[in-house]
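Handing you this structure, nothing more for now.
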Amino acid sequence: MLQINKLRENIEGAIELLKVRNKDFTSEINGILSADDKRKASQSELDSVLAESNRLSKEIGDLFKSGKAAEASVLKQETVLLKEQSHALKEEMIEAEEEIKRLLYIVPNIPHVDVPTGKDDSDNKKIDEEGTIPNLHAEALPHWEIADKYGLIDFELGVKISGAGFPVYRGKGAKLQRALINFFLDEATEAGYEEVILPHLVNEASGIATGQLPDKEGQMYHTEVDNLYLIPTGEVPITNIFRDVIIKEIEFSHKLCGYTPCFRREAGSYGKEVRGLNRLHQFDKVEIVRVEHPENSYVVLDDMVEHVKSLLRKLELPFRTLRLCGGDLGFTAALTYDLEVYSAAQKRWLEVSSISNFETYQSNRLKLRFKNKEGKTQLAHTLNGSALALPRILAALLENNQDEKGVRIPEALVKYTGFDYLD
RNA sequence: GGAGAGUUGGCAGAGUGGUCGAAUGCGGUGGUCUUGAAAACCAUUGUGCGGCAACGUACCGGGGGUUCGAAUCCCUCACUCUCCGCCA
């Protein structure tokens, strides 16, 4: 959520930048500011009432000790009124605080100046494109048919065990999956990220801190009995490592990576968009997360994009980089780059990574701070990205590398798979 | 799942209802001493909110209550630990 004090420094500027999201937040922001004024006013008043009441309590204590019970009970009368006042003021203050919170939860992050205008994903700005799109032979198949033909994935079996969107990987398909996970983790570790293995179910506080709750409750699977949520992305447990943490400035930067399965309800998805591996309820992903000094975070964002690009190059996949436009930018992000690979048989670009700088939007909810040079606590910047999400990578690998007899495994993966060709 | 114990500042660990934001030790930071370091000694060292500041106020797991006054008493929830049971 946004920082009220920062907002005050440039109210018009914030409203202007938010317009890139195709919505006017003037009334919400004014609401926040006036509720904050109200909060301050009632708190000041409350503080002085409490100060008076504390003073009286001390006096009463002293009087009792010196045996002046009669005088003490006179003072007691006075505290009754103060108590009533303080209750009323506290209620006022809490009311204002709740209003602030309610509004802060519905105002998204302020987009970076570089965020292009646009309505939806068709307006995302292409930054670059690399690799060559393969010319497939006449009988080229989409990945779900390849997966079926060579016994790599059994979608029907997944339906039997769980339901649609829960594929079963078998044999070399499973091995390939594990190879990709190991490859991504090794590459991230090589790049200086510390690997972590974390819980796949998280509590409510974690969901709130990274912004999935309360706004996107319907996206997550929820276990009623224990009140835990299945993670929709590794971002949630990894970033929550830093909840309620004050780090020392010299401890920048933190670089973490982790493999997790991701669980998404994807309510409302249907049709060819969700065919095969395109959209699943459970999928595997390696996530990279960074906690950075505000001065460095945009350099770091580029560095993360570079890392992901290097993975795609090693996998020999054609890809393009997009800067998300205001209409497509996630709620909590200030700037996001998407990387898409070309899936040659489907003739579609598939999003395989989304890399974002959240600036202080997430850290404000996380209470993730650092001590700056003046010794003051200040919010750190958080960033994360997929490096990478597996299913669509697999889809592109299968489709792009197929020939009449089978599928070629890219060189970089062979030491992980132990085979270089699927047939 | 059953029985019991506990939750205090970065950590360890005191705390009779008022003088407790909280002893003490360790750690951290600054300094003295030293060629340098260690040791020793001195000082300092939680977070939020309001305030230019002085200062005020809140926070001793969360929430509620009793009281003029709660870290301390009561209720409730969560979590942790120990023993027993079950179990990969």
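Naming: A, B, ... by sequence-line order, numbering from 1 per chain. All values derive from a computational prediction rather than experimental measurement. Side-chain atoms are counted along with the backbone in the values below, which use heavy atoms only and exclude waters and symmetry mates.
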query: Taking only residues two or more places apart in sequence, or in another chain, which ones meet A:D328 in a side chain to side chain donor-acceptor pair (under 3.5 Å)?
result: A:N124

query: Roughly how far apart, to the nearest Å, are B:rC42 and B:rG25 at atom P?
result: 10 Å

field: Base-paired stems in RNA chain B, each at least three Watson-Crick or G-U pairs under 3.5 Å
entry: B:1-7 with B:78-84, B:10-12 with B:24-26, B:27-32 with B:40-45, B:46-50 with B:55-59, B:61-65 with B:73-77

message: Any side-chain N or O of A:R39 below 4.0 angstrom from OP1/OP2 of B:rG50?
response: yes

field: A:L50 CG - B:rG48 P separation (whole Å)
entry: 20 Å

statement: A:K40 has its side chain closest, among B:rG50, B:rC68, B:rU47, to B:rG50

task: Output the single nucleotide from B:rU47, B:rG56, B:rC68 whose closest atom is nearest the side chain of A:Q43.
output: B:rG56

- prompt: Is A:K83 near enough to B:rG69 that one of its side-chain N or O atoms lies under 4.0 angstrom from OP1 or OP2?
  reply: yes

- prompt: Going by an N to O cut-off under 4.0 Å, is there a salt bridge joining A:R39 and A:D36?
  reply: yes

- prompt: On a whole-Å scale, what distance lies between the P atoms belonging to B:rU16 and B:rU67?
  reply: 23 Å

message: With a 4.0 Å limit, can you tell me whether A:R369 has a side-chain N or O closer than that to the phosphate oxygens OP1/OP2 of B:rU47?
response: no

- prompt: Is A:R55 salt-bridged to A:E59, cutoff N-O under 4.0 Å?
  reply: yes

message: For a quick test of reading the model: is some side-chain N or O of A:N54 closer than 4.0 Å to OP1 or OP2 of B:rG56?
response: no

